[in-house]
Amino acid sequence: MIRHFLVVEDVGSPEIGDTCVVVDLLREDERKFRIMLDCGLLSETVEDGKLKYDTKKMERRYELLEEGVDAIVLSHAHMDHSNGLPFLFWFWETNLKTRGVEFPRIITHRYTQELFERMQISFFELPPEKDWAESKHKAAPFIARMRRYFHGHFENSEESIEKGDYECRIKIMNAGHIVGSSMAEIKFLFQEKLLGRVLYTGDFCPRDASFLVEPCRYQMLQKKYDAIILENTYLMNAKKKAKRKEIKQHIKKLMDEVLRDGNLIFVCYGIDRIQNVLVCLQEIMDCDEYWAETLVERNTRGEPLIYLDTAIGEEVSSLDKEFMERVARNPDLYETFFRRELRNRALNGKRLFEIKEHVMYTFVNGTRARARVIREHRAGLEGKHCIVLCTSAFLTKGSPVNAYLRFWGDDDRNVFVLAGYPISERAKKLFLKKEEIDLGYWWYFEDERETRYVEDGSFAPRGNNFLTIDDLSAHADGVDLQGFIGFMRRRTGLFVHTHIGEDPWKAEVYLMSRFGKKHVVLTDEKVVDGRKRAIKIELKPTEEYIAMEPAVMKKIAIYARRYGTQSFDSSEMVNRTLKRVFADFDYLYKQRDNAKIIESRCSN
């Protein structure tokens, strides 16, 4: 009897923000398929504003590429999931192409492909030994050469890779994280019979949190999986995050209170987070005539209400507007791209980020424009208060937000809002601990025609005008992740966990005690055939799957929606709720007597 195995290896670093997982299908000891899931790479900003990468973390991926990779699945375009791809391609071009090694196809969402290309052209970096100016000059042709290996798809589409009697099918499904974010379902078949099925979640969100995309729906996952590879950034966090409606009410309250005599500054990540804030402001103005008229009046007299001070944020916003125009021209093809409300708005002739045919924001292009905004919109100037959306949420040295901190931060009437959880230590010091930070360099101005470069600036918060809205992040929180595990535990052979922020051993013990012995947290102590952070699973192929009666699936769908609306205040509440969850699932799975066992050859 032929034995088949799955080997799952985490080749990213253990830290959150460096995601890369490899799945191998083995026939005995012979590798048949190798699929790489995401290729992130951590970066730092050095004092001259350039990005610096630790390319030593790519060495294991280079080895795997040399051995042969059949496909790379890119779940979404955030840098912690995609930044390693240009380095991988650069290594292949310089070392492997002449030796006849093929570069793998990159399977992703169509939107993710275009977003990735724009990001890399704008912020491209060759490996450190190359000159920065040279890399900027070569960015466009380099990405053009990569483009031929991209296979962009729409949601729920499937791609097949065949090797003799073996076949691998990869299907992408909405993950609800950002526009274009996808879960990947990977099926392995031998002689048209199903060998095994793997689900890679990437970053996902079942909660109604994003203003741009629909949440992930559990009911689309009706199959059995041999393994689910789960990313667990917030697994051990029992705090329940707010939903879209609550976030919008919070921001509306801030606008009403702060803009009377001060400015409102949102410190955001340029990709997705900026656009979520813009759509939130758009929804507020669609419902509130006062703010809509204020924006139109201010734009008419040349004193904008909203400024966008981020190059990448402006680039992504332009891409979103282009795709919304495609939605209006072909609504069937782009049905699942954006939220239903945004699609309906486009079909009614209303453009994204526009109020009464006025563009909502004015782009701040460069330091002189930023200096003019800071000077003309100081707190206390009646009728001139504004909203500024700027980067970077990491508070890296030299980012646009540092200028606003230096000149507006001392005035309690100006409120700084970090839109998202503070990841970097600098952001935590300022927004959570209220401690002094070194701004590095910032731009000081004397008049409209002169700017000066000043070093060693520092800032210490003196008031309570620094807030965080960490709910404005379409990530699955601890309750969402545990609910997902509870939903899928009966139809999954093994949960493989990566990137747990807390102590991995503590997390593994917790998961096994709470949900049973179906959980493995990949750590350096998990070694398979010399591979660290790896697990080997034997596949037991079957031609049957459970197709529940529609009434039972309807109960599951109703439960999933209801579960997403509950709020939790403590870990005890989470535990009590999960007990009720499992009781419900035990009842649902007793309905198997009424379910039909369906013969299936290589389908679903």
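Being a predicted model, the structure only gives us computed values, none of them experimental. The chain is numbered in sequence order, starting from 1. Values reported hereafter were calculated over all heavy atoms of this structure, with side chains retained and with hydrogens, waters and symmetry mates removed.
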Do [Y] and [X] meet the salt-bridge criterion of a basic N to acidic O distance under 4.0 Å?
X	Y	answer
K163	D70	yes
R244	E341	yes
R99	E66	yes

What are the two closest heavy atoms between [X] and [Y], and how far apart are they?
X	Y	result
L494	H519	CD1-N, 4.0 Å
G176	S181	N-OG, 3.7 Å
L88	C39	CD2-SG, 4.3 Å
S392	S399	N-CB, 3.5 Å
V277	C268	CG2-SG, 4.1 Å
Q275	S317	NE2-OG, 3.0 Å

Check for a donor-acceptor pair, side chain of [X] on one end and backbone N or O of [Y] on the other, with a separation under 3.5 Å.
X	Y	value
R273	L472	yes
Q113	H151	no
R339	S210	yes
R61	M36	no
N174	E214	yes
S182	G180	yes

Under the criterion side chain to side chain contact (heavy atoms under 4.5 Å, CB included), I'd like the reasoning laid out for V316 against I274: C-alpha separation, chi angles, the key distance, then a yes or no. CA-CA 9 Å; V316 177; I274 286 274; over 6 Å; no
Residue pair F5, E538: steps toward the side chain to side chain contact (heavy atoms under 4.5 Å, CB included) verdict: CA-CA 4 Å; F5 300 90; E538 183 173 3; 3.7 Å; yes
Is there a donor-acceptor contact under 3.5 Å linking the side chains of [X] and [Y]?
X	Y	answer
D203	H78	no
D38	Y200	yes
T498	E231	no
N276	D272	yes

Positive for side chain to side chain contact (heavy atoms under 4.5 Å, CB included) with L352, one of R345, E322, M360, Q282: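 Checked R345, E322, M360, Q282 against L352; only one passes side chain to side chain contact (heavy atoms under 4.5 Å, CB included): Q282.
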Is any side-chain heavy atom of F142 less than 4.5 Å from a side-chain heavy atom of Q120? no
I312 side chain near I271 side chain, heavy-atom distance below 4.5 Å: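 Contact flag for I312/I271 side chains = yes.
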Listed partners of F353 passing ring pair (Phe, Tyr, Trp, His ring centres under 6.0 Å), at least two apart: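 With sequence neighbours excluded, F353 shows a ring pair (Phe, Tyr, Trp, His ring centres under 6.0 Å) to no residue whatsoever.
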Check the orientation of F484 and F495. Use parallel for under 30°, tilted for 30 to 60°, and perpendicular for over 60°. perpendicular
Over 60° means perpendicular and under 30° means parallel, so classify the ring planes of Y62 and F91, tilted if in between. parallel
Do the ring centers of F338 and F323 come within less than 6.0 Å of each other?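 So the answer is no for these two rings.
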Is the gap between the ring centers of W90 and F87 under 6.0 Å? no
So does K536 have more than 12 non-hydrogen atoms from other groups sitting under 6.0 Å from NZ?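 Yes, the 6.0 Å shell around NZ holds more than 12 heavy atoms from other groups.
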Got more than 12 heavy atoms from elsewhere within 6.0 Å of CD, E102? no
Candidate pair F204 and L230, rule side chain to side chain contact (heavy atoms under 4.5 Å, CB included), full reasoning: CA-CA 10 Å; F204 73 103; L230 192 62; 3.8 Å; yes
Take D24 and R531, measure what salt bridge (Lys or Arg N to Asp or Glu O under 4.0 Å) needs, and give me the verdict at the end. CA-CA 12 Å; D24 288 353; R531 307 186 194 186; 2.9 Å; yes
Checking D477 against D480 for the side chain to side chain contact (heavy atoms under 4.5 Å, CB included) test, could you report, in this order, the C-alpha distance in whole Å, the side-chain angles of both residues, the deciding distance, and whether it holds? CA-CA 5 Å; D477 58 29; D480 294 329; 3.1 Å; yes
Quick check on salt bridge (Lys or Arg N to Asp or Glu O under 4.0 Å): which of K532, R34, R60 does E9 satisfy it with?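 Going through the options one by one, the only one that passes is R60.
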With side-chain hydrogen bond (donor to acceptor under 3.5 Å, both in side chains) as the test, pick out the partner of Y225 among K187, E185, R197.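 Going through K187, E185, R197 one by one, the side-chain hydrogen bond (donor to acceptor under 3.5 Å, both in side chains) with Y225 is satisfied by E185 alone.
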